[in-house]
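All of these numbers come straight from a predicted model, not from anything done at the bench.
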Amino acid sequence: MRFDHEITIQAPAERVWAVFSDVERWPEWTPTIESVERLDEGRIRVGARTRIRQPKLPVAVWEVTELDEGTYFEWISTAPGIKTTGGHRVVSTPEGTVATATIIQEGPLGWLFGKLYAGLTRRYIATEAEKLKETAER
């Protein structure tokens with residue numbers, strides 16, 4: 001299962017990236033995140049781990065697996081039978097900065113979890129995109 005949502009933001013890409021990549025502060029600007037606990041120090045980097053609590057979802061630990069500073073980070077959370085990948089991309093365009101969030105669910109239970117939580121997942125990533133836009137445009 002794959003879910004993507006993109007939004008154009010009228011703010012510099014550097015500003016959008018600063019908000020999007022500062023995962024510790026997500027609970028301050030989006031209601032889809034109850035709490036964030038960094039399991040290591042400093043800025044996000046490959047190998048960095050973060051515990052996230054979201055309404056209606058199990059607590060998940062995410063590990064950064066890919067980072068292109070200023071434009072993209074990807075992290076993975078695993079549970080028995082499921083691997084969830086979250087992608088966060090920022091691209092500057094003539095129309096504004098385009099931010100894209102992606103969720104991919106794989107594994108023997110990935111399709112089932114994806115199907116059961118499809119509506120919630122779509123709502124969450126749409127809300128996160130709208131709140132990212134509001135925060136970056138302030």
Side-chain angles (χ1 to χ4, degrees):
M1 297 290 295
R2 182 184 179 107
F3 305 91
D4 293 289
H5 192 87
E6 78 174 32
I7 194 163
T8 301
I9 301 171
Q10 300 307 313
E14 297 79 17
R15 166 77 178 139
V16 177
W17 175 256
V19 174
F20 216 7
S21 65
D22 187 359
V23 299
E24 283 181 289
R25 298 188 72 183
W26 286 3
E28 296 174 18
W29 56 263
T30 183
T32 64
I33 304 290
E34 290 178 343
S35 68
V36 171
E37 179 187 357
R38 287 292 309 278
L39 302 177
D40 45 45
E41 299 290 323
R43 295 187 45 78
I44 64 167
R45 65 185 186 303
V46 172
R49 297 174 63 234
T50 304
R51 180 177 294 116
I52 295 182
R53 285 179 170 68
Q54 294 184 267
K56 303 179 185 176
L57 291 173
V59 174
V61 173
W62 294 85
E63 182 173 340
V64 176
T65 56
E66 187 176 336
L67 175 65
D68 182 4
E69 184 65 39
T71 61
Y72 183 73
F73 81 92
E74 179 176 287
W75 55 10
I76 292 174
S77 178
T78 59
I82 185 169
K83 174 177 131 180
T84 304
T85 303
H88 311 79
R89 186 172 305 281
V90 174
V91 177
S92 184
T93 72
E95 294 77 33
T97 300
V98 176
T100 305
T102 301
I103 295 289
I104 301 169
Q105 293 165 325
E106 303 172 286
L109 298 178
W111 68 272
L112 178 61
F113 189 87
K115 203 160 197 59
L116 290 174
Y117 287 91
L120 183 68
T121 301
R122 284 187 188 97
R123 282 193 306 278
Y124 277 13
I125 63 174
T127 298
E128 290 161 9
E130 287 297 328
K131 294 300 184 180
L132 173 64
K133 177 179 173 71
E134 286 178 23
T135 302
E137 288 181 350
R138 279 193 219 145

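Of the possible polar contacts, none joining the T8 side chain to the V98 backbone as a donor-acceptor pair under 3.5 Å is found. The main-chain N or O of K83 is never found under 3.5 Å from a side-chain atom of E106 such that the two would form a donor-acceptor pair.
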Going through the distances and angles, do V90 and T97 end up as a side chain to side chain contact (heavy atoms under 4.5 Å, CB included)? CA-CA 7 Å; V90 174; T97 300; 3.4 Å; yes
Evaluation steps, salt bridge (Lys or Arg N to Asp or Glu O under 4.0 Å), between K133 and E130: CA-CA 5 Å; K133 177 179 173 71; E130 287 297 328; over 6 Å; no
Run the numbers on V64 and R45 for side chain to side chain contact (heavy atoms under 4.5 Å, CB included), then give the verdict. CA-CA 6 Å; V64 176; R45 65 185 186 303; over 6 Å; no
Begin with the C-alpha distance, continue with both residues' side-chain angles, and end with the deciding distance and a verdict on side chain to side chain contact (heavy atoms under 4.5 Å, CB included) for D4 and R2. CA-CA 7 Å; D4 293 289; R2 182 184 179 107; 2.8 Å; yes
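Using a 4.5 Å cut-off between side-chain heavy atoms of Ile, Leu, Val, Met, Phe, Trp and Tyr, with links allowed through other members, I103 and V36 fall into different hydrophobic clusters. A continuous path of hydrophobic side-chain contacts links L67 to W75 [ILVMFWY only; heavy atoms under 4.5 Å].
If you take CG on L132 and OG1 on T30, they are separated by 9.0 Å, rounding to the nearest 0.5 Å. The distance from the CE atom of M1 to the CD1 atom of I104 is 11.5 Å, given to the nearest 0.5 Å. The CZ atom of R38 lies 11.0 Å from the CZ atom of R49; values are rounded to the nearest 0.5 Å. Interatomic distance, S21 OG to R43 CZ, rounded to the nearest 0.5 Å: 4.5 Å. Rounding to the nearest 0.5 Å gives a distance of 13.0 Å between CD1 of I33 and CD of E24. Atoms CZ and CD1, from F20 and I44 in turn, are 10.0 Å apart once rounded to the nearest 0.5 Å.
The shortest non-hydrogen separation linking L57 to L120 is CD2-CD2, 3.9 Å. Summarising the geometry of I82 relative to L109, their closest heavy-atom pair is CD1-O, 4.4 Å, with the distance given to 0.1 Å. When all heavy atoms of F3 and G114 are compared, the closest pair comes out as CZ-O, 3.7 Å. Between G110 and Q105, the shortest heavy-atom contact is O-CB, 3.8 Å. R25 and W29 make their closest contact through O-CD1, 3.4 Å (heavy atoms, listed as atom of the first residue, atom of the second, distance). Residues S92 and A13 share a closest heavy-atom pair of CB-CB, 4.1 Å.
Using a 30° and 60° split on the angle between ring planes, F73 and W26 fall in the tilted class, from 30° to 60°.
When the side-chain contact (heavy atoms from CB on, under 4.5 Å) test is applied to R15, the partners found at least two apart in sequence or on another chain are A11, P12, V19, T135, A136. Taking V59 as the reference, R51, R53 meet the side-chain contact (heavy atoms from CB on, under 4.5 Å) condition, with sequence neighbours excluded.
Of the residues listed (I52, V23, I76), the one engaging W62 in a side chain to side chain contact (heavy atoms under 4.5 Å, CB included) is I52, and it is the only one.
Between the side chains of T32 and E128, at least one donor N or O sits under 3.5 Å from an acceptor N or O.
Note on residues 108-126: no pairs pass side-chain hydrogen bond (donor to acceptor under 3.5 Å, both in side chains), not counting sequence neighbours.
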